[in-house]
Protein chains: 2
Amino acid sequence: MKIGAVSELTGCNIETIRYYERIGLLAAPPRRGSYRDYGPSDVDRLRFVRRGRELGFSLEEIGTLLDLAPQDGATCETVQTLAEQHLRNLRAKLADLIKIETALAHLVAQCGTRPNNYCPVVEFLAREF
Amino acid sequence: MKIGAVSELTGCNIETIRYYERIGLLAAPPRRGSYRDYGPSDVDRLRFVRRGRELGFSLEEIGTLLDLAPQDGATCETVQTLAEQHLRNLRAKLADLIKIETALAHLVAQCGTRPNNYCPVVEFLAREF
DNA sequence: CTACACTCTGTAGCGGCTACAGGCTCAAGA
DNA sequence: TCTTGAGCCTGTAGCCGCTACAGAGTGTAG
C-alpha cells in the first residue's frame with residue numbers, strides 16, 4: 001500500500017505522514033522499490049495519532065499513549081493520569097478563552113454608542129494604567 | 001530609556017521587544033550610543049500590543065489596529081468589523097475546545113470501570129471505524 | 001514508447017516567540 | 001585610574017505541527 005492510499009484512508013496529508021516518520025512517531029515502513037510500502041497496522045496507528053490530535057494531545061503525548069496502548073497491567077492508570085493532566089490544561093486554556101471572549105464581546109457591544117465615533121475597543125487597548 | 005526599563009514597564013520580554021522591531025511592528029528607536037533609546041510613546045505602543053495579544057489578536061491584526069487607532073472618522077466601524085471577525089474565530093475555537101473537553105472528560109470518567117484494567121481512552125483512540 | 005500521475009529527498013517557511021553565543025559599553029566602586 | 005560586572009548589542013537557531021515547494025526518479029496505462 002503506497003503513501004497516497006494511506007493518506008486517503010486516514011485523512012492525513014502525505015507530507016504529514018512523512019513528517020511523523022521523520023520525527024520517529026511512525027516507524028519507517030519497508031520499501032517496494034523506492035516507495036514506502038504500508039500495511040493495515042500502519043493505517044491503524046495513523047488513525048490513532050489522528051484521533052489523539054483531535055482530542056488535543058501533543059505528538060509527544062500521543063507517542064507515550066502509543067507505547068502504553070498495547071500494555072496490560074497498570075496501563076489504564078497511567079493513561080488516565082496523562083489524560084487528566086491534559087484535561088486540566090485544556091480547561092485552563094478554555095477558561096482563558098472564555099475570559100477573552102467575554103471581554104471582547106463586551107467591548108464590541110459598546111461600539112457605536114460613543115460620541116465622535118470613538119471606539120471602545122481602541123480605548124481599551126490604548127488606555128493607560 | 002533603555003530596553004530593560006521598557007521591558008519592566010510593559011511586561012514584555014526584552015527579546016520580544018527586539019522581535020517586534022525586527023518584524024516592523026515597532027519602529028526602530030533612536031540610539032544613544034549603541035543602545036536603543038525609548039520614549040514614553042514607545043511604552044504606550046508596546047502596552048497596546050500586549051493588551052491586543054491578551055485579547056487574542058494576532059500581531060498582524062494588532063498592526064492594523066495600531067494604524068487605525070489614531071484616525072478619526074470611520075475608525076470605529078473598521079475596528080468593530082475586525083473585532084467581530086476575531087470574536088467569531090474565537091467562538092469557533094471555543095466550540096471546538098468544548099467538544100474536546102466534553103469527549104475527553106467522558107472518557108476519563110469511565111476509567112477504572114472496565115474489566116481487566118482495560119482503558120476507555122485507549123479504546124477510543126484505537127478503535128476502528 | 002510516451003505521457004503522466006505518483007512518489008522520492010531535502011529544505012525552507014509559517015506564527016510568536018525564546019534562547020543562546022560571543023562581543024561591546026557604560027557606570028559604580030576600590 | 002582601573003576593574004568588574006550588569007546590561008546591552010547582533011545574529012542565529014530552536015520550539016510545535018505541519019505545509020509547500022524544487023527537482024528528481026518511478027511505475028503503469030494507453
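Quick note on labels: first sequence line is chain A, next is B, and so on, each numbered from 1.
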*Asks:* From CZ of A:R32 over to P of D:dG27, roughly how many Å is that when rounded to an integer?
*Replies:* 10 Å
*Asks:* Rounded to whole angstrom units, what separation is found between the CD atom of B:E21 and the C1' atom of D:dT10?
*Replies:* 11 Å
*Asks:* For B:I98, is there any backbone N or O sitting under 3.5 Å from a side-chain donor or acceptor partner on B:T102?
*Replies:* yes
*Asks:* Under the 3.5 Å rule, do the base of D:dG7 and the side chain of B:Y35 count as making a donor-acceptor pair?
*Replies:* yes
*Asks:* Taking B:E61's backbone N and O only, do any of them form a donor-acceptor pair with B:H86's side chain (distance below 3.5 Å, no angle check)?
*Replies:* no
*Asks:* Is it true that a side-chain atom of B:R47 and a backbone atom of B:L9 form a donor plus acceptor pair closer than 3.5 Å?
*Replies:*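 Side chain of B:R47 to backbone of B:L9: a pair is present.
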*Asks:* Taking the basic N atoms (NZ, or NE/NH1/NH2) and the acidic carboxylate oxygens, is any pair closer than 4.0 Å for B:E54 and B:R51?
*Replies:*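 No, this pair does not count.
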*Asks:* Touch check for B:I14, heavy atoms < 4.0 angstrom, all strands: base, sugar-phosphate only, or nothing?
*Replies:* sugar-phosphate
*Asks:* Under 4.0 Å from OP1 or OP2 of D:dC16: is there any side-chain N or O of A:S58 that close?
*Replies:*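 Checking D:dC16 against A:S58, no side-chain N or O comes under 4.0 Å of OP1 or OP2.
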*Asks:* I need the CG-P distance between A:L25 and D:dC16, as an integer number of Å.
*Replies:*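 Between P of D:dC16 and CG of A:L25: 13 Å.
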*Asks:* Once rounded to the nearest 0.5 Å, what's the spacing between atom CD of A:E77 and atom CD of A:E84?
*Replies:* 10.5 Å
*Asks:* Write down the distance between CD1 (A:I17) and P (D:dT19), rounded to a whole number of angstrom.
*Replies:* 11 Å
*Asks:* Between A:T16 and A:S34, name the one whose nearest nucleotide on DNA chain D is closer to the 5' end.
*Replies:*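 The residue mapped nearer the 5' terminus is A:T16.
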*Asks:* Over how many whole Å does the gap from B:R18 atom CZ to D:dT10 atom P extend?
*Replies:* 7 Å
*Asks:* Go through DNA chain C in 5' to 3' direction and return only the first and the last nucleotide with some atom under 4.0 Å of chain B's heavy atoms.
*Replies:* C:dG16 to C:dC26
*Asks:* Counting only side-chain heavy atoms from C-beta out, which of D:dT26, D:dC9, D:dG17 sits nearest to B:R36?
*Replies:* D:dC9
*Asks:* Does A:D42 use its side chain to pair, donor to acceptor, with the backbone of A:G39 at less than 3.5 Å?
*Replies:*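 Yes; judged by distance alone, with no hydrogens or angles, the pair exists.
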*Asks:* Once you round it to whole Å, what is the distance between C1' of D:dC16 and CZ of A:R22?
*Replies:* 13 Å
*Asks:* Expressed as a whole number of angstroms, how long is the span from A:I23:CD1 to D:dC18:P?
*Replies:*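 Result: 8 Å.
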*Asks:* Would you mind classifying the nucleic acid contact of B:R53 as base, sugar-phosphate or nothing, using non-hydrogen atoms under 4.0 angstrom?
*Replies:* sugar-phosphate
*Asks:* Do B:L59 and B:R53 have side chains that approach each other closer than 4.5 Å (heavy atoms only, starting at C-beta)?
*Replies:* yes
*Asks:* Considering heavy-atom distances to DNA chain C, does B:L59 or B:K2 have its closest nucleotide positioned more toward the 5' end?
*Replies:*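 So the residue in question is B:L59.
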*Asks:* Grab the OH-C1' distance between A:Y20 and D:dT19 for me, whole Å please.
*Replies:* 12 Å
